[in-house]
Trainee: 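Handing you a structure now.
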Amino acid sequence: MQPLSGPSPPPLKLDTRAIPPGLHLIATPIGAARDITLRALDVLAGADVLVAEDTRTLKHLMEIHGIAINGRPMVAYHDHSGEGVITRILAVLREGKSVAYASEAGTPLISDPGFELARAVAAAELPMTAAPGPCAAICALTLSGLPSDRFLFAGFLSSAQSARRSALADVAQVQATLIFYESPKRLSALLTDMTATLGGARQAVVCRELTKRFEEVARGTLAGLAEEFSERDVKGEVVVLVDRAAPEEVTDEVIEAALDQALKTMRVKDAATFVSQTLGVSRKIAYQIALSRPKD
Ligand code: SAM
């Protein structure tokens with residue numbers, strides 16, 4: 001975690017009123033220690049039980065922000081902890097206590113543990129809430145310059161090349177910005193596979209060490225980035241984002257097929273409007289082609 005530097009700022013005034021019962025999923029910094037919400041700090045200061053993927057990391061974060069543990073129980077939990085830990089946490093929640101859960105960094109459940117726990121709490125119909133905050137995927141998306149209207153978070157792909165290429169082929173035509181997590185030592189291999197599977201001309205972005213001292217955002221084509229990173233010894237944490245596939249060329253045949261389908265249930269005018277909107281072609285052209293289609 002990025003340490004604080006310079007003179008200490010004035011201490012924060014945390015809300016020390018009782019934290020409501022239930023599981024509180026806390027997002028923690030992905031680099032800069034001060035990227036944590038006041039509400040997350042309130043919960044860490046007031047929860048009856050503290051649960052963490054790594055209790056040492058959570059203790060360190062609390063120390064940085066001057067939050068005392070005060071003898072409260074600290075429990076380690078990850079998705080392979082087994083039923084026992086979840087059962088214990090559910091029992092604490094049934095007593096009406098508040099439990100804070102933080103993963104190692106960022107938002108729990110996002111390529112991090114927490115899913116099995118959250119699912120068990122939901123299934124038991126016990127109270128649960130989230131103190132949202134940092135997430136590397138969202139931070140990278142906002143900085144990438146790629147369209148943010150639709151995105152697909154693909155997390156980590158397999159480290160085996162054939163499985164990785166097949167996963168890339170599955171998302172090749174998805175009309176959304178694609179977001180991947182990757183380790184720095186596999187970045188070059190991932191970019192090479194992306195170039196082979198998605199095409200070297202696609203725009204892509206590598207975001208490295210977000211919110212940290214050596215933050216870097218490298219933009220370019222997949223082929224260009226693959227070449228650049230093949231020559232570098234990459235350190236730190238990375239997110240890779242890839243622009244959506246260019247839309248297929250809309251030929252007359254494509255418009256005709258769409259119109260034939262639409263004309264089965266719509267009048268000519270409506271079918272032309274529908275097809276012009278879905279394919280992004282001129283309504284006038286769609287209407288003219290619609291008029292020329294055989295009527296049956
Ligand atoms: N739960 C976290 C989140 O909300 O983003 C993700 C945890 S996952 C185990 C770790 C991966 O997230 C890293 O390998 C990297 O791909 C990405 N990541 C986390 N912090 C990052 C940072 N500061 N800069 C770039 N990528 C980061």
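FYI, side chains are in, hydrogens and waters are out, and symmetry mates aren't considered; it's all heavy atoms of this structure. Just follow the structure's listing: the first ligand is 1, and inside any ligand the first atom is 1.
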Trainee: Considering heavy atoms of the protein only, find what lies nearest to atom 6 (C) of ligand 1 and give residue, atom and distance to 0.1 Å.
Mentor: I110 O, 3.4 Å
Trainee: Heavy atoms only: which of V206, T107, V238 lies closest to atom 4 (O) of ligand 1?
Mentor: T107
Trainee: Any side-chain heavy atom of R72 sitting closer than 4.5 Å to one from L44?
Mentor: no
Trainee: Heavy atoms only: which of F214, Y181, F156, F153 is nearest to atom 14 (O) of ligand 1?
Mentor: F156
Trainee: Looking only at N/O atoms, are D112 and ligand 1 under 3.5 Å apart anywhere?
Mentor: yes
Trainee: Among all protein heavy atoms in this structure, tell me which lies nearest to atom 26 (N) of ligand 1, with the distance rounded to 0.1 Å.
Mentor: V239 CG2, 3.4 Å
Trainee: Rounded to the nearest 0.5 Å, what's the gap from CG on L141 to CZ on F153? Could you check?
Mentor: 11.5 Å
Trainee: For atom 2 (C) of ligand 1, tell me which residue out of S111, P29, A136, A105 has the closest non-hydrogen atom.
Mentor: A105
Trainee: Between R219 and S144, is any side-chain donor less than 3.5 angstrom from a side-chain acceptor?
Mentor: no
Trainee: Near E182, which atoms of ligand 1 are under 4.0 Å from a heavy atom of that residue?
Mentor: 14 (O), 16 (O)
Trainee: Who gets closest to atom 13 (C) of ligand 1 by heavy atom: E216, E209, E237, R208?
Mentor: E237
Trainee: What distance separates H60 NE2 from T28 OG1, expressed to the nearest 0.5 Å?
Mentor: 12.0 Å
Trainee: Provide the number and element of each atom of ligand 1 under 4.0 Å from a heavy atom of K212.
Mentor: 23 (N)
Trainee: Between E104 and ligand 1, which residue portion shows a heavy-atom distance shorter than 4.0 Å: side chain, backbone, both, or neither?
Mentor: neither
Trainee: Below 4.0 angstrom, N of the basic side chain to O of the carboxylate: do R202 and D243 qualify?
Mentor: no
Trainee: Considering distance alone, does some N or O of L210 sit under 3.5 Å from an N or O of ligand 1?
Mentor: yes
Trainee: So does K59 pair up with E63, basic N to acidic O under 4.0 Å?
Mentor: no
Trainee: Do R244 and D149 sit within salt-bridge range, that is, some charged N less than 4.0 Å from a carboxylate O?
Mentor: yes
Trainee: Could you tell me whether the side chain of L178 reaches within less than 4.5 Å of the side chain of F151, counting heavy atoms only?
Mentor: no
Trainee: For C207, is at least one N or O under 3.5 Å away from an N or O on ligand 1?
Mentor: no
